[in-house]
Amino acid sequence: MTIRSVEGVPGRRAVGFAVAGVVLHDDDEMTVVASISGSDKAERAGERAGPRGRNIIDSLWNGSYTLGVWDGESVVRIHQRGQCWSIWRFHDGHDWSRAWYGNLEAPWRRTEMGYDTQDWTLDVVADGMPGTDDWEVKLKDEDELDWFVDQGVYTIEQAESIREVGQTLSEAMSSAGLDEERKWSTWAPPRDAQPSSLADGWRHLT
């Protein structure tokens, strides 16, 4: 199974990032996917720019991809159908880390190989235990979103809409209003889970 971020405008859309995973749950309300440490991933190759020098826009992309693996802790992504984000948690094989990650993105769309979305740059990150005094929530990569506006990737209006989604998610996470996503014992990756491979044809859009 492969999750892809499909980027660009109609007529020149392409995969920006892809990662392999295993489906833990999927129905009309929610999809839960785990990418086990060592699973395949792919990202655009070419000159990087922007804040921290890690972004590639169409004009800098050479049309190829760098293949690698998901390193570090395994990640579990929960996406509730129709929402403009997924909630990520990281698992070391024994327990969850304190880190929470709200990835802003287009609602997931099922494909023959997995799910397609579009990453929206801005993220919401949190640390600690929801509902306690050490729970801290903040926005991440606001400067990258501004840079993408300067590069013409987003319009000012699109960026403002993304910021509004970020604010909505930030408020939900700050109030610990993530009831379904908080059932993390249900979504812990199986101890015998193995790294996954990218689906055949992951580069091709239909």
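Counting from 1, the numbers follow the sequence of the chain as shown.
- A salt bridge is defined here as a Lys NZ or Arg NE, NH1 or NH2 lying under 4.0 Å from an Asp or Glu carboxylate O, and R89 with D95 fails to meet this definition.
- Separation of atoms CD1 (I56) and CD (E43) is listed at 7.0 Å; rounding is to 0.5 Å.
- Considering only heavy atoms from C-beta on, D134 comes within 4.5 Å of R98 through its side chain.
- Between Y115 and M1, some side-chain heavy-atom pair lies under the 4.5 Å cut-off.
- Note that CD of E7 is 9.5 Å distant from OG1 of T117, once rounded to the nearest 0.5 Å.
- Distance alone, capped at 3.5 Å, places no donor-acceptor pair between the W120 side chain and the D123 backbone.
- You'll find the ring centres of W108 and W85 outside the 6.0 Å limit.
- Under a 3.5 Å cut-off, the side chain of E144 and the backbone N or O of L122 do not form any donor-acceptor pair.
- With values rounded to the nearest 0.5 angstrom, T121 atom OG1 is found 7.0 Å from N55 atom CG.
- Among the candidates E157, Q158, E164, the single residue satisfying the side chain to side chain contact (heavy atoms under 4.5 Å, CB included) test with E160 is E164.
- Side chains of T2 and T111 form no contact here, defined as non-hydrogen atoms less than 4.5 Å apart.
- Using a 4.0 Å cut-off between charged nitrogen and carboxylate oxygen, R110 and D116 do not count as a salt-bridge pair.
- Using a 3.5 Å distance cut-off with no hydrogens or angles, the side chains of W184 and T186 do not pair a donor with an acceptor.
- Cluster membership for V137 and I78, using ILVMFWY side-chain heavy atoms within less than 4.5 angstrom, is shared.
- By the 4.5 Å heavy-atom criterion applied to side chains, S35 and V76 are not counted as neighbours.
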Point to revise | Candidate pair V22 and V33, rule side-chain contact (heavy atoms from CB on, under 4.5 Å), full reasoning | key: CA-CA 6 Å; V22 58; V33 174; over 6 Å; no
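- Atom OG of S170 and atom CG of L139 lie 5.0 Å apart (nearest 0.5 Å).
- Annotation: side chain of F17 is not in contact with side chain of D119 (no heavy-atom distance under 4.5 Å).
- Taking the side chain as every heavy atom from C-beta outward, W88 and N103 approach each other to under 4.5 Å.
- Taking Ile, Leu, Val, Met, Phe, Trp and Tyr as hydrophobic and joining them when side-chain heavy atoms fall under 4.5 Å apart, one finds I36 isolated, its cluster having no other members.
- Side-chain atoms of T31 never come within 3.5 Å of backbone atoms of D27 as a donor-acceptor pair (strictly under, hydrogens ignored).
- More than 12 heavy-atom neighbours from other residues, nucleotides or ligands sit within 6.0 angstrom of CG on D150.
- Residue D200 places its CG atom among 12 or fewer non-hydrogen atoms of other residues, nucleotides or ligands, all under 6.0 Å distant.
- Distance alone, capped at 3.5 Å, is enough to place a donor-acceptor pair between the Y65 side chain and the V15 backbone.
- Here the OG-CD distance, from S5 to Q118, works out to 6.0 Å after rounding to the nearest 0.5 Å.
- Of the possible donor and acceptor atoms, none in the side chain of S86 sits under 3.5 Å from a partner among the backbone N and O of H79.
- Smallest separation of non-hydrogen atoms from G72 and S37: O-OG, 2.7 Å.
- Taking 4.5 Å as the limit, some side-chain heavy atom of P107 sits within range of a side-chain heavy atom of C84.
- In the hydrophobic cluster analysis, where Ile, Leu, Val, Met, Phe, Trp and Tyr join through side-chain heavy atoms closer than 4.5 angstrom, M129 is grouped apart from Y101.
- At least one side-chain heavy atom of P130 sits less than 4.5 Å from a side-chain heavy atom of W100.
- Here the CD atom belonging to Q83 is positioned 10.5 Å from the OG1 atom belonging to T168, to the nearest 0.5 angstrom.
- In this structure, R81 pairs ionically with D26, as a charged nitrogen and a carboxylate oxygen lie closer than 4.0 Å.
- Legend: residues meeting salt bridge (charged side-chain N to carboxylate O under 4.0 Å, His left out) with D141, ordered by chain and number and at least two apart, are R52, R54.
- In terms of heavy atoms, S39 sits closest to S196 at OG-N, 2.9 Å.
- Note: W96 and W187 fail the aromatic proximity criterion, with ring centroids not under 6.0 Å apart.
- Hydrophobic clustering (ILVMFWY, side-chain heavy atoms < 4.5 Å, transitive): V6 and L198 are in one cluster.
- Comment: R163 engages D146 in a salt bridge, judged by a side-chain N to carboxylate O separation of less than 4.0 angstrom.
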